[in-house]
Each structure stands twice: as structure tokens, then as C-alpha cells.
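Take a look at the structure below.
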There are 2 protein chains.
Amino acid sequence: MSDLLERLRGRGWRMTAQRRVVAEVLAGDHVHLTADEVHARAVAKLPEISRATVYNTLGELVSLGEVLEVSTDKRAKRYDPNAHRPHHHLVCAQCGAIRDVHPTGNPMSDLPDSERFGFTVSDVEVTYRGICPNCAKA
Amino acid sequence: MSDLLERLRGRGWRMTAQRRVVAEVLAGDHVHLTADEVHARAVAKLPEISRATVYNTLGELVSLGEVLEVSTDKRAKRYDPNAHRPHHHLVCAQCGAIRDVHPTGNPMSDLPDSERFGFTVSDVEVTYRGICPNCAKA
DNA sequence: GCTTGACTTGGACAATGTCCAGCATGGGGC
DNA sequence: GCCCCATGCTGGACATTGTCCAAGTCAAGC
Ligand SMILES: [Mn+2]
Ligand SMILES: [Mn+2]
Ligand SMILES: [Zn+2]
Ligand SMILES: [Zn+2]
């Protein structure tokens, strides 16, 4: 993640304790936290950080293309630091667990012109749903 | 849509003015209204209908499998009366317009076992994004 | 027509997210 | 190293979307 901090500094981002903490919280694989989850973990490291700052920082990271917004459920948006390797998501319908997945094939080529209604289609997002091993056991 | 009302009556649904109006509002193709949009249109036909009833009725229609919930944007859930023909969605990134689409191929078979993490995968949802002809003109 | 249980209502409450005025501070210029 | 001020942060008010409940209303079976 210091990669990330370096890249951001290079882009003229002013480095503050708050932004550093948010970036730290977002490190790792299969990480898809809500804004309030990010805030809770940030508070553990920097007690006085505000909700507004977390929202602002996440929004900036999204604008910079360093973090993706995903809405797998109908609840809060989730923030995904895995922005540099295209992927899709596999979501547990019961507990909400999310894994990054890399399907074969290109769903883009599965949409014939006759089904494009004149749109310029630029992106496709695939969400698989099912039951995770943990929930299946219970 | 009287099909729908018949089916519901057959299932023991008590028929009320409110429910009839909600069902009427949901008629048609490529219809993907938010709950508050449904409420606004329902109020035009039945001024005293409450928000709570619209939410309740939509929730029941979803439980009965007559209407689908879709969350194409990160805002409000949308309600889709096209529940009896499986389909995916094409969304305008600018104005939010939504079309039903029927891609060829089966994305389910594009997810190898090694990418399933032990999940029992039961469903896949594909969202295409782009710019609609209207927004492209502007 | 009654009766009754299911339905509706309005408003309180919760969760998520946005906005703003005023204070704090990172970091470039000296 | 120190100052300055544009940029960032804060707490709280406000907005949007959705849930819940007690009390009143009504559809439909008798
Ligand atoms: Mn991801
Ligand atoms: Mn649809
Ligand atoms: Zn699970
Ligand atoms: Zn458009």
C-alpha cells in the first residue's frame, strides 16, 4: 500500500494523518468495506477522524481511480482497493461475504448489436450469487 | 396486467384500491421505477395512498416472485415487473435509463471451479453500462 | 348487512450519505 | 527551521431511502 501512498503523493495529494489511515485500512485482497466500516477501523488507529473525512477521502480515491465503488447488495456502497486488475464478484446471498473472481470469456461479446438499443456500451459488471462454504455448513 | 391481478387474487391476495393502483403503475416493458417513483405515480391515481403501503406492496410482490428488485445504480432499489422472462440490464451511465437485454451465452459456465471458493453458485447478474443515444446526441 | 382479520395510514425512527462554516495544518517559500 | 495560507478536517445539520408500529379502516365471507 505504500505504492498507493507514493502514487498519490506523486499526483499532488497532500498527505495527512487521516488519509494515510484510510489508505492503510483499505489494504489487502478481497477487501470490500462500507464507508462506515472504513470509518470504524480508521477510528481504531486515529480516534478523532470524522465520518465526513472518510467519505471525502473515499470519494477522492474513487475519482483518482485508485479504489472502486461496488454495490453488490442494496445496502451501503462498498470500496474496493483492487482497482488495477479487472475482476468481478461472487457474493454470499446469506452472510454477504464477497470474493473477487476472474471469469473466462468476455460477456461484452455476448451482447448483440440488436440488443444494444443504440447505446455505446463501454463496461460490463458481473455478479455471481450463491452460498459460501461457511453458511452452507450451518 | 390484469393477468397479474388475476394471479394475485388466485393466491388469496386481498384486493384493495391501493394494491390495484400499484400494480397498474408497474405495467409495461423496460419499467424500472424506484419505490418513490411508484408512490408519486400512485398518488396521481389515488391521492391518499401512503408511502408505507407502497413499500409494503412492493415487498409483497417481490416475495411472490411477481416483481424483481434491481440495484443498477447505488441509489434506490428499482422494481421490475418483468419477472417471468430472465434478462439482464443495460444502463446509461449519464441519465440512468435502463433497458432489458438478453445476451447470448451463459456467464455461469464462465466461472471455473477454481474461482468458486467452495460457494454453491446459483445465480448471475450482468449489468452493461454505456451512453444512450439521447445522451450521446447532447 | 355484520364481523373480523388483514390492510392502510401517518409519523417516528434508522441507516446511509451530503453539505457547510469555521478551525487546523501540511508543506512550499523564505 | 518558521510562516503562511490553500487545502484539508471537524461536528453537526440536513437529505434520501427505507423500516416499524399503534390505531383506524375496509374487503370479503357469512
Ligand atoms: Mn473486488
Ligand atoms: Mn428489467
Ligand atoms: Zn455466507
Ligand atoms: Zn442517457
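Convention: sequence-line order gives letters A, B, ...; per-chain numbering from 1.
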Donor-acceptor pair, side chain of [X] and main chain of [Y], under 3.5 angstrom:
X	Y	answer
A:His32	A:Arg99	no
A:Glu115	B:His102	yes
A:His87	A:Arg85	yes
B:Arg51	B:Ala35	no
A:Arg129	A:Thr72	yes

Checklist entry - If you round to the nearest 0.5 Å, how far is CZ of B:Phe119 from SG of A:Cys92? => result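 Reported to 0.5 Å precision, the distance equals 5.5 Å.
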Item to check | Atom pair CG/OG of A:Leu58 and A:Ser63 - distance to nearest 0.5 Å | outcome: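 These two atoms lie 11.0 Å from each other.
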Item to check | Any donor-acceptor N/O pair under 3.5 Å between C:dT16 base and A:Arg75 side chain | outcome: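 Absent.
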Next on the checklist: Looking at A:Arg14 and C:dG26, is any side-chain donor or acceptor paired with a base atom of the opposite kind under 3.5 Å?
Outcome noted: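 Answer yes: a donor N or O sits under 3.5 Å from an acceptor.
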Checklist entry - Does B:Thr16 have a side-chain nitrogen or oxygen under 4.0 Å from the phosphate oxygens OP1 or OP2 of C:dT8? => result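 Answer is yes, contact under 4.0 Å.
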Take atom [atom1] of [X] and atom [atom2] of [N], then tell me their distance rounded to the nearest Å.
X	N	atom1	atom2	result
B:Gln18	D:dG24	CD	P	18 Å
B:Trp13	D:dA28	CH2	P	12 Å
A:Arg19	D:dT7	CZ	P	11 Å
A:Lys77	C:dG17	NZ	C1'	7 Å
B:Tyr79	D:dT17	OH	P	12 Å
A:Leu33	C:dT16	CG	P	13 Å

Checklist entry - Between C:dG17, C:dT9, D:dA27, which one does the side chain of B:Ser50 approach most closely? => result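 Nearest listed nucleotide: C:dT9.
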Checklist entry - With sequence neighbours excluded, what pairs up with A:Glu60 under the side-chain hydrogen bond (donor to acceptor under 3.5 Å, both in side chains) test? => result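 Here the qualifying residues are A:Arg19.
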Checklist entry - Which of residues 51-71 of chain B sit near DNA chain D, with a heavy atom under 4.0 Å from it? => result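 B:Arg51, B:Ala52, B:Tyr55, in order of number.
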Next on the checklist: Near DNA chain D, counting only heavy atoms under 4.0 Å, which residues of residues 36-49 of chain A show up?
Outcome noted: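 Correct list: A:Glu48, A:Ile49.
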Checklist entry - Charged N to carboxylate O below 4.0 Å: is that the case for B:Arg78 and B:Glu37? => result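 Here B:Arg78 pairs with B:Glu37 in a salt bridge, since their nearest N and O are under 4.0 Å apart.
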